[in-house]
Amino acid sequence: MHDVAIVGAGPVGATLALALAGNDLDVVAIDGRPPGVTLRQDRSLALSWGSRLTLERLGVWTELESVAGAVTPIVEIDVSQAGGFGAATLTAALQSLPALGYVVSYVALQRALDAALARAEVPVRFGTSASRVRGTPAHAEVILADQGEPLRARLAVVADGTGTAVDGIVRERHDYGQVALVGEVFLDPPRRGVAYERFTPDGPVALLPERDHHGLVWTMTPEIAEAMLALPERAFLDGLARHFGTRVTGFAHAVGRRAFPLVLERARPVVTARAAVIGNAAQQLHPVAGQGFNLGLRDAWELAQKILGAPRDAIGGGTMLADYAARRRLDRGAGIAFTHGLVRIFGNDEPLARWSRGFALALLDVVPPAKRAFTRAMLHGMH
Ligand SMILES: Cc1cc2nc3c(=O)[nH]c(=O)nc-3n(C[C@H](O)[C@H](O)[C@H](O)COP(=O)(O)OP(=O)(O)OC[C@H]3O[C@@H](n4cnc5c(N)ncnc54)[C@H](O)[C@@H]3O)c2cc1C
């Protein structure tokens, strides 16, 4: 029997496997990806400063940073709202840090993690998918889709991005009735390292710096998205420029426009008999605050600490899993509430809401402790 079986060696599952490596534990990971293949070629991840520190500790950051174009530092975040006063500028200098966060290529991160797992000699069975995970009082059983011999472990950790295969865990879903229109936008002149977050009556819109361009995440109704996707490039850019008002100008070029539905999904509970769900399997958030991946990474790190701190025969036991769930409750709840609240408060066009938003943003900009506290929450999460 293994000590830990990890289902899904994506960014979150691989982080957990690496954090457990070299500790005399029998850890195995499986992933449906064929060997050497990375998913999500077009996705970028928003990484907080705290996530960088985690990747540094695991020996992944230096290699990732050395890949040309894989990492773009965010040195300034400009937050504003349409049709109301108040704006805030958060800077890395205020925190005495080289960056507030980073935009990282999913593919480059996955490659760096896969290479680190190979170096640490963590067994990863690629091309192997789980169809079901079930717990018994004594062990967890991971049933494989290819009908191969099931894996048995003291603890099964599901980091498959959906969490659907686990017995005893349900997924709550809130559909925002909106979609995110994403794509790559080129500004002239390019504003390297500056992220823009703009709240409009139709929903939030963000521009995240990536190499020589910005990644766009624009929230809107499916009907408006359909129309925006069909527009010629110039008309699309003009519509975007109107949304940003005077905060951003020089919209020169847009490529790769596409849209996906926005939902909040969360697993309840995140632990069950001999199993835990982490990362996107535990929560999938609206991308507005860039919190999703960072929460997932903290799930992996905290679970690793609980496993490493437990005697071998307590791994996967009720006490260890309850401790882990309790430890994650505040940070996870706050991340979900913060993201969900941002969407609701800033998606509301009541004049009073607009005024209080402006007041909050103005306050954030001029009151250094408030600004530092907000920035710290964005950097490290809410423990
Ligand atoms: C549509 C969409 C867009 C997003 N855009 C952004 C964004 O712009 N910025 C951002 O920061 N975050 C974004 N996110 C969130 C971000 O992608 C996740 O936070 C991150 O990918 C979570 O990593 P993960 O390892 O939990 O899951 P995943 O990245 O989904 O990895 C899951 C891994 O598990 C493997 N797997 C799946 N099923 C099985 C199985 N049954 N058996 C074995 N292996 C399996 C997969 O092959 C994969 O390697 C987005 C999410 C979605 C859904």
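The line from CZ of Arg266 to CG of Leu285 is 9.5 Å long, rounded to the nearest 0.5 Å.
Using a cutoff of 4.0 Å between basic side-chain nitrogens and carboxylate oxygens, Glu56 and Arg52 are scored as salt-bridged. The pair Glu302-Arg332 does not meet the salt-bridge criterion, since no charged nitrogen lies less than 4.0 angstrom from a carboxylate oxygen. Between Asp114 and Arg33 there is a salt bridge, since at least one side-chain N of the basic residue sits less than 4.0 Å from a carboxylate O of the acidic one. Under the 4.0 Å criterion applied to side-chain N and carboxylate O atoms, Arg242 and Asp238 are not assigned as salt-bridge partners.
Relative to the ring axis of Phe236, Arg257 places its NZ or CZ within 45° and under 6.0 Å from the centre.
When atom types are taken as modelled, the side chain of Asp299 and the backbone of Gly279 share a donor-acceptor pair closer than 3.5 angstrom. Of the possible donor and acceptor atoms, none in the side chain of Arg111 sits under 3.5 Å from a partner among the backbone N and O of Thr38.
No donor-acceptor contact under 3.5 angstrom links the side chains of Thr72 and Arg211, judged on distance only. No donor-acceptor contact under 3.5 angstrom links the side chains of Ser51 and Thr54, judged on distance only.
In this view, Glu226 satisfies the salt bridge (Lys or Arg N to Asp or Glu O under 4.0 Å) rule with no residue, not counting sequence neighbours. Every residue two or more places apart in sequence or in another chain was checked for a salt bridge (Lys or Arg N to Asp or Glu O under 4.0 Å) with Arg274, and none qualifies.
By the 6.0 Å contact criterion, CD on Glu172 is enclosed, its count of non-hydrogen atoms from other residues, nucleotides or ligands being greater than 12.
Side-chain contacts under 4.5 Å among hydrophobic residues (ILVMFWY), followed directly or transitively, place Phe186 together with Val255.
Shown are Leu53, Leu100, Asn294, Ile74; of these, the side chain to side chain contact (heavy atoms under 4.5 Å, CB included) with Ser48 is made only by Asn294.
Ile30 is not listed as a side-chain neighbour of Val124, based on a closest heavy-atom distance of 4.5 Å or more. You'll find the side chain of Ile278 reaches within 4.5 Å of the side chain of Tyr324, heavy atoms only.
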